[in-house]
Enquirer: 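The structure under discussion is supplied below as structure tokens; questions concerning it will follow.
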Amino acid sequence: MATFVEPRLPRGMRDIVPQKMILRRYVIGVIEQVFERFGFEPLQTPALELAQTLMGKYGPDAEKLMYAARHRDGKEDLALRYDLTVPLSRMVAMNPELVKPFKRYQIAPVWRAERPQKGRYREFYQCDADIVGTSSMLADAEIIAMIFTILRELGFQEFVTKLNNRKVLGALGEYAGVPPALLGGLSRALDKLDKIGREGVREELRKNEIPAESIEKILNLIALPVDDLATWREKFRAFPRGVEGINELEQVLQYTRAMGVNPARLQIDLTMVRGLDYYTGPIFETVVTEPKIGSLTGGGRYDGLIGLFSKNPLPVTGASVGIERIIDVMQELKMFPDNLGKTVTQVLVTVFDAERRAQSIALTMNLRAAGINAEMWYDDDGLGKQLKYAAARGIPYAVIIGPDEAASNVATLRDLATGEQQQIAQTDMAAVLQEKLRHL
RNA sequence: GUGGGAUUAGCUCAAUGGUAGAGCACCGCACUGUGGAUGCGGUGGUUGUGGGUUCAAAACCCAUAUCCCACCCCA
């Protein structure tokens with residue numbers, strides 16, 4: 001007796017069945033197209049990196065979520081990549097001959113040992129696009145415009161992108177006299193403003209041992225209208241970093257406007273923080289509120305990261321698009337185009353009986369030669385079973401060659417959706433099907 | 001990593017300590033040249049897993065796994 005191993009998946013990991021892969025491929029296809037339209041080129045890097053490559057880049061919280069790996073002989077400490085940004089930085093540092101600005105995109109799985117939830121998995125795909133080698137805010141603006149293009153082409157109407165700047169965040173701390181060591185706590189508290197409100201933030205700041213005086217200054221500051229950049233510049237007069245951040249915000253707004261980005265969908269939010277340590281300039285994040293699933297995209301500028309791998313640091317800005325969440329949201333909101341279908345197969349060629357099999361085989365191969373995705377039936381079964389199969393799979397057309405058809409070299413083409421049938425010369429079948437499939 | 005909820009047929013869910021059920025799906029027949037309609041019949045469960053309490057456990061207790069929710073963080 002064979003003993004079976006109970007088939008199970010590791011926590012937070014999933015299989016993606018063919019029907020789901022069709023949706024996934026559609027989303028990735030749109031993203032890839034837009035990336036390339038904006039001049040980004042594909043890049044692939046290994047799933048495993050040396051642990052030392054990844055350590056110390058994301059912050060201590062993130063590092064706890066990194067998967068460790070090793071060779072059998074244990075000679076190198078390895079880790080599954082946590083994102084695509086640090087591997088890009090490593091790769092750019094290793095390849096100084098790359099022509100700058102270097103624009104690459106990468107669509108690949110990353111791994112994080114978080115507690116899984118909806119829209120939150122331990123293995124998930126990120127779609128990243130980054131621009132290496134320019135400090136111009138035009139690049140940051142272009143990234144944002146590209147994100148908007150992607151979301152729009154996928155059919156998203158209701159979304160808001162929040163824009164902030166790490167320099168402003170830093171200046172906020174300086175202005176309020178928060179000791180640099182407590183800046184992390186300040187950021188985390190600010191980040192929660194949406195959820196816990198003003199008083200909640202006050203409480204949170206107190207818990208983080210931020211001086212009472214500073215707390216008042218901060219709360220007063222974030223109560224100011226965010227759009228009034230002149231006032232902010234004035235407030236930050238004594239803090240050059242803050243002025244620089246405000247100027248960057250202004251430039252990003254100007255450039256995105258020039259690119260046709262709807263200003264109502266791009267909002268400055270000085271309490272939007274983002275968790276990763278490596279950001280240095282503009283940061284942004286796109287959220288949908290319905291359904292509530294967290295951020296769909298996020299990104300920002302990280303001018304210091306390559307400097308950790310090379311004596312020649314390079315400025316970089318980029319974004320990550322979360323296709324897992326996009327797919328979850330699109331399914332929930334039924335945003336996928338109807339013509340996507342359940343299967344890639346376009347026609348099933350049935351086999352009437354042994355005598356007629358040869359004609360069915362020939363016709364199948366003939367359709368395939370014409371570029372049509374065609375299946376044929378393998379076993380000796382009635383037409384009923386074969387058509388039932390086609391219907392269950394969502395195959396749009398079936399072809400039947402019985403004794404009547406075989407006698408005159410025609411075949412019956414059945415539209416599974418409508419039940420309509422017509423007889424077509426076997427030699428014309430490919431052309432007729434191609435025409436019909438064009439309108440599907 | 002912390003706290004809460006869930007887990008029974010392929011799917012959605014019933015059964016409150018006493019014989020494990022329904023709908024849908026699947027298979028077959030009515031219908032051996034035609035799927036989705038209807039009718040009839042059928043297959044399918046060591047109740048997530050491992051212990052314990054009890055004459056008796058799907059149910060009560062303990063542990064464990066996975067999923068969901070919140071926190072944390074994020075795509």
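In the text below, chain A, chain B and the rest are named by the order of the sequence lines, each starting its count at 1.
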Enquirer: Need one value for A:E285: base, sugar-phosphate or nothing, where a base atom within 4.0 Å counts as base even if backbone is also close, heavy atoms only.
Expert: nothing

Enquirer: If you look at every strand shown and take non-hydrogen atoms under 4.0 Å, does A:G382 touch a base, only sugar-phosphate, or nothing?
Expert: nothing

Enquirer: Applying a 4.0 Å non-hydrogen cut-off, can you work out what A:R188 is touching in the nucleic acid: base, sugar-phosphate, or nothing?
Expert: sugar-phosphate

Enquirer: Side chain of A:S320 only, please: which of B:rA75, B:rG35, B:rG1 is the nearest?
Expert: B:rA75

Enquirer: Mind checking if A:A113 touches a base, just sugar-phosphate, or nothing, with heavy atoms under 4.0 Å?
Expert: nothing

Enquirer: Please work out if A:R274 contacts a base, only the sugar-phosphate, or nothing of the nucleic acid, heavy-atom cut-off 4.0 Å.
Expert: sugar-phosphate

Enquirer: Does any nucleotide pair with B:rG10 by Watson-Crick or G-U wobble geometry, both distances under 3.5 Å, and what is it?
Expert: B:rC24

Enquirer: Which of the following nucleotides, B:rA75, B:rC72, B:rU34, is nearest to the side chain of A:Q126?
Expert: B:rA75

Enquirer: Taking the minimum atom-to-atom distance to the side chain of A:P116, which one of B:rA75, B:rG33, B:rC67 wins?
Expert: B:rC67

Enquirer: With centres under 5.5 Å and planes under 30° as the test, does A:Y125 stack with B:rA75?
Expert: no

Enquirer: Between the side-chain atoms of A:Q386 and the base atoms of B:rU34, is any donor-acceptor pair under 3.5 Å?
Expert: no

Enquirer: Between B:rG33 and A:E405, counting only base atoms on the nucleotide and side-chain atoms on the residue, is there a donor-acceptor pair under 3.5 Å?
Expert: yes

Enquirer: Categorize A:R8 for me: base, sugar-phosphate, or nothing, with a 4.0 angstrom heavy-atom threshold over every strand shown.
Expert: sugar-phosphate

Enquirer: Under 4.0 Å between any heavy atoms, over every strand shown, what does A:D404 touch: base, sugar-phosphate, or nothing? Just pick one.
Expert: base

Enquirer: Below the 4.0 Å mark, does B:rC67 have OP1 or OP2 next to a side-chain nitrogen or oxygen of A:R11?
Expert: yes

Enquirer: Can the ring centres of A:Y105 and A:F40 be said to be less than 6.0 Å apart?
Expert: no

Enquirer: Students often mix this up, so state it plainly: with edges at 30° and 60°, are the rings of A:Y82 and A:Y58 parallel, tilted or perpendicular?
Expert: tilted

Enquirer: For B:rU2, what is the paired nucleotide under Watson-Crick or G-U wobble rules, both distances under 3.5 Å?
Expert: B:rA70

Enquirer: If only side-chain N and O atoms of A:K385 are considered, is one of them under 4.0 Å from the OP1 or OP2 phosphate oxygen of B:rU34?
Expert: no

Enquirer: Can you tell me, in whole Å, how much space there is between the C1' of B:rA59 and that of B:rG21?
Expert: 15 Å

Enquirer: Rounded to whole angstrom, note down the P distance from B:rG17 over to B:rA57.
Expert: 14 Å

Enquirer: Closest to the A:I400 side chain: B:rU2, B:rG33, B:rC72?
Expert: B:rG33

Enquirer: Which part of the nucleic acid, if any, lies within reach of A:T297 when heavy atoms closer than 4.0 Å are counted: base, sugar-phosphate only, or nothing?
Expert: sugar-phosphate

Enquirer: Taking the minimum atom-to-atom distance to the side chain of A:Y121, which one of B:rA75, B:rA70, B:rG35 wins?
Expert: B:rA75

Enquirer: Within the 4.0 Å heavy-atom criterion, would you say A:G394 contacts the bases, only the backbone, or no part of the nucleic acid?
Expert: nothing

Enquirer: With distance as the sole criterion, is a donor-acceptor pair present between the side chains of A:T412 and A:Q421 under 3.5 Å?
Expert: no

Enquirer: Give the ring-plane orientation class for A:F159 versus A:F148, where under 30° counts as parallel, over 60° as perpendicular and anything between as tilted.
Expert: perpendicular

Enquirer: Roughly how far apart, to the nearest Å, are B:rU43 and B:rU34 at atom C1'?
Expert: 26 Å

Enquirer: Is A:K192 near enough to B:rC71 that one of its side-chain N or O atoms lies under 4.0 angstrom from OP1 or OP2?
Expert: no

Enquirer: Does A:Y389 have its ring centroid less than 6.0 Å away from the ring centroid of A:W377?
Expert: yes

Enquirer: Need the pair for B:rC55. Rule: Watson-Crick or G-U wobble, both distances under 3.5 Å, any strand; none if unpaired.
Expert: B:rG18

Enquirer: Does the cation-pi check pass for A:R325 over A:F124, that is, NZ or CZ under 6.0 Å from the six-membered ring centre and within 45° of its axis?
Expert: no

